[in-house]
Amino acid sequence: MPKKSSSDQPRALADINEWYAQCDVLILGGGGAGMCAAIEAADAGASVIVLEAASDAGGSTAMAGGLIYMGGGTPTQQACGFDDDIEEMYKYLLMASGPNADESKVRLYCDSTLEHYTWLTEQGVTFKPEYYAGKHTNTPNCAGLMITGNEEAWPYNQHSVAAPRGHKPLIKGDHGGIPLMENLIRRATEKGVSIRCDARALTSIMDGRRVCGLIARIDGHECAFLARRGVVLCGGGFIMNDDMVARYAPRLVRGNYPNGNPNDTGAGIRIGLGAGGAAINMHEGFICTPFYPPGEFLEAMIVDGNGQRFINEDVYHGRMGSAILDRPDQRYYLIIDSRHFDVLNRPPNGGYPVAGTGDTIEELETELKIPAGGLCNTLQQYNRFAAEGKDPLFHKAEKYLTPLDQPPYAAYDLSIDAGGYFAVMTFGGLDTLTTGEVLTIERNTVPGLYAAGRNSAGLPRCAEGYASGMSIGDATFFGRLAGRSAAANTQGLT
Ligand SMILES: Cc1cc2nc3c(=O)[nH]c(=O)nc-3n(C[C@H](O)[C@H](O)[C@H](O)COP(=O)(O)OP(=O)(O)OC[C@H]3O[C@@H](n4cnc5c(N)ncnc54)[C@H](O)[C@@H]3O)c2cc1C
């Protein structure tokens with residue numbers, strides 16, 4: 001066997017003379033998608049090996065806030081007093097997935113949302129039946145339910161009825177990924193899944209067009225793993241691969257915080273491409289700038305370097321981040337008046353510096369070097385409409401429309417180069433069917449190859465529409481389907 005395998009050079013089955021291990025279903029990556037695939041494949045009677053490059057399973061899913069997007073009247077929603085409707089969830093998620101939405105995935109995901117909730121609870125995941133009503137990036141307490149996207153914000157609120165659908169596995173604060181992965185890993189292990197850590201998959205093994213195994217590096221040696229029924233690629237996104245980000249998702253280069261684990265290098269995507277798969281939606285990703293909490297800052301005005309508003313300020317932080325990133329040469333300021341000064345000892349989550357202060361708005365305008373009148377006129381117009389509870393230009397919800405008429409004023413600098421937080425992660429990946437089967441550029445399936453989570457292009461498809469919970473929801477649900485499909489593949493090796 002050559003010393004160094006490369007993802008674009010699959011190894012031929014005929015050249016393998018020694019197997020390190022054999023199984024029915026071989027999974028690359030022990031994160032959310034991989035562990036759900038493993039559990040389902042094992043439940044279908046398959047022997048399963050998970051190859052995990054890190055020294056422990058968990059991946060970015062374990063690092064995550066753990067929010068999972070589910071609705072349609074889950075027991076947690078009902079216990080918190082919320083009605084929800086699968087059709088409303090579908091309308092919302094389809095819009096949230098943007099112009100590149102995969103309608104068939106959105107449809108199946110919504111139709112299966114109650115079943116998926118039940119399945120997760122059967123694996124031991126629990127959600128505290130408590131609703132967190134504040135505007136936050138995750139529930140700061142143990143509450144298991146909150147609104148995690150743009151459901152209440154214009155224009156989404158024009159197209160579907162809002163409901164809280166972000167479900168956090170039980171834990172205090174922003175660490176829901178830990179209990180989620182602890183339960184999934186424990187359940188997979190109980191079912192006999194073999195998790196091989198410190199095993200980095202390098203390339204596929206192919207029998208003609210069929211994928212029938214992987215080469216992985218273990219203790220410095222290249223080892224061949226045979227997969228009799230299928231290989232499932234669940235290696236996460238590629239935000240830690242600077243070269244891939246620059247080539248495929250250059251917009252994300254301007255983010256200053258790669259949101260992921262060190263193995264988010266796109267290895268699974270590259271192995272899938274090497275085996276004949278196609279990748280889609282590679283330019284898209286999540287761009288978060290958490291200008292809240294504190295929730296009071298939704299009452300602020302956010303303006304550009306000309307003092308002009310450009311978006312309703314009550315949007316999800318990912319939509320705000322995307323809007324800022326789209327206009328590269330601008331500066332951005334969050335403008336508050338003295339009524340919000342009491343929250344200054346809790347500055348915005350994103351760590352933005354104070355850009356200026358002024359006893360009057362004119363003074364602040366000068367200090368920010370905004371062209372004369374730009375900010376003053378905007379504030380005057382904003383306050384006039386806010387007093388009437390209206391925002392005819394950008395449609396901010398009435399509950400956040402408080403005139404900013406109590407000087408002095410202050411501004412936070414939300415510009416990308418000012419030191420604030422712009423977290424980015426990728427959404428592009430292998431083109432798959434809802435079954436997880438990987439597609440070629442001609443949309444034929446690659447026999448024996450499946451993908452899920454951020455190795456695939458799933459539900460999360462655009463920065464402007466993303467809501468927290470869509471990625472883990474997608475990874476866990478479509479990971480399950482991919483594991484099930486691989487286990488059911490009767491066309492594999494016998
Ligand atoms: C801090 C943070 C907070 C987040 N919060 C949320 C949230 O609340 N809700 C939400 O929906 N999303 C959230 N996300 C995003 C979400 O966690 C991920 O997009 C999602 O969990 C990806 O799941 P996955 O199974 O595809 O990948 P992962 O969970 O990352 O699993 C991939 C696994 O593959 C392994 N791997 C990679 N390459 C190889 C290789 N060559 N060989 C073997 N193994 C390999 C990795 O080590 C990893 O364990 C958050 C992300 C971060 C970083």
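Heads up: numbering here begins at 1 and tracks the sequence. All values derive from a computational prediction rather than experimental measurement. Whatever order the structure lists ligands and atoms in, that order sets their numbers, starting from 1.
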Flag, side chain of Q123 to backbone of V125, donor-acceptor distance under 3.5 Å: no

Whether E222 side chain and S5 backbone form a donor-acceptor pair below 3.5 Å: yes

F427 near ligand 1 by a heavy-atom separation under 4.0 Å: no

Sub-4.0 Å heavy-atom contact, G268 with ligand 1: no

Verdict with supporting geometry, E87 and K91, salt bridge (charged side-chain N to carboxylate O under 4.0 Å, His left out): CA-CA 6 Å; E87 286 314 306; K91 281 191 269 176; over 6 Å; no

For ligand 1, does [X] get within less than 4.0 Å through its side chain, its backbone, both, or neither, judged by non-hydrogen atoms?
| X | value |
| --- | --- |
| I68 | neither |
| T265 | neither |
| M425 | side chain |
| A267 | side chain |
| Y466 | side chain |
| C234 | backbone |
| L51 | backbone |

Ring geometry between [Y] and [X] (parallel below 30°, tilted from 30 to 60°, perpendicular above 60°):
| X | Y | value |
| --- | --- | --- |
| Y421 | Y257 | tilted |
| F286 | H317 | perpendicular |
| H116 | F477 | perpendicular |

Lys/Arg-Asp/Glu bridge criterion (N-O < 4.0 Å) met for D8, R270: no

Electrostatic pair R454-D474, nearest N-O below 4.0 angstrom: yes

Report the member of [options] with the shortest heavy-atom distance to [atom].
| atom | options | result |
| --- | --- | --- |
| atom 3 (C) of ligand 1 | G31, G176, A64 | A64 |
| atom 30 (O) of ligand 1 | A452, G236, S60 | S60 |
| atom 9 (N) of ligand 1 | L67, L214, T148, T426 | L67 |

[X]: numbered ligand 1 atoms lying under 4.0 Å from its heavy atoms:
| X | value |
| --- | --- |
| A199 | 42 (N), 43 (C) |
| G260 | 53 (C) |
| S471 | 11 (O), 12 (N), 16 (C), 18 (C), 19 (O), 20 (C) |
| A33 | 25 (O) |
| M63 | 1 (C) |
| G58 | 29 (O) |
| A201 | 40 (C), 41 (N), 42 (N), 43 (C) |
| G469 | 9 (N), 10 (C), 11 (O) |

Does [X], at its [atom1] atom, have more than 12 non-hydrogen atoms belonging to other residues, nucleotides or ligands within less than 6.0 Å?
| X | atom1 | answer |
| --- | --- | --- |
| R107 | CZ | yes |
| D243 | CG | yes |
| D83 | CG | no |

Among all protein heavy atoms, pick out the one at the shortest distance from [atom]; state its residue, atom name and that distance to 0.1 Å.
| atom | answer |
| --- | --- |
| atom 5 (N) of ligand 1 | G65 N, 3.1 Å |
| atom 23 (O) of ligand 1 | T61 OG1, 3.3 Å |
| atom 44 (N) of ligand 1 | A53 N, 3.0 Å |
| atom 10 (C) of ligand 1 | I472 CG1, 3.3 Å |
| atom 38 (N) of ligand 1 | N263 O, 3.7 Å |
| atom 34 (O) of ligand 1 | G29 CA, 3.2 Å |
| atom 26 (O) of ligand 1 | R454 N, 2.8 Å |

Residue pair D84, Q77: steps toward the side-chain hydrogen bond (donor to acceptor under 3.5 Å, both in side chains) verdict: CA-CA 8 Å; D84 193 11; Q77 287 180 313; 3.1 Å; yes

Candidate pair S468 and Y316, rule side-chain hydrogen bond (donor to acceptor under 3.5 Å, both in side chains), full reasoning: CA-CA 9 Å; S468 288; Y316 172 68; 2.7 Å; yes

Would you check the N or O atoms of [X], main chain and side chain alike, for any that come under 3.5 Å of an N or O of ligand 1?
| X | answer |
| --- | --- |
| N259 | no |
| G66 | yes |
| E52 | yes |
| S468 | no |
| L28 | no |
| G453 | no |

Aromatic ring proximity F291/Y352, centre distance under 6.0 Å: no

Output field: ring centroids Y117/F127 closer than 6.0 Å: yes

pair R187-V193: side-chain heavy atoms closer than 4.5 Å: no

Of all pairs that satisfy side-chain hydrogen bond (donor to acceptor under 3.5 Å, both in side chains), the ones with a partner from residues 27-45, not counting sequence neighbours: E40-W119, E40-R480, E40-R484, D43-K191

All pairs passing side-chain hydrogen bond (donor to acceptor under 3.5 Å, both in side chains) where residues 273-283 contributes a residue, at least two apart: N100-N281

Worked verdict on R196 versus S194 for side-chain hydrogen bond (donor to acceptor under 3.5 Å, both in side chains): CA-CA 6 Å; R196 304 286 178 101; S194 166; 3.2 Å; yes

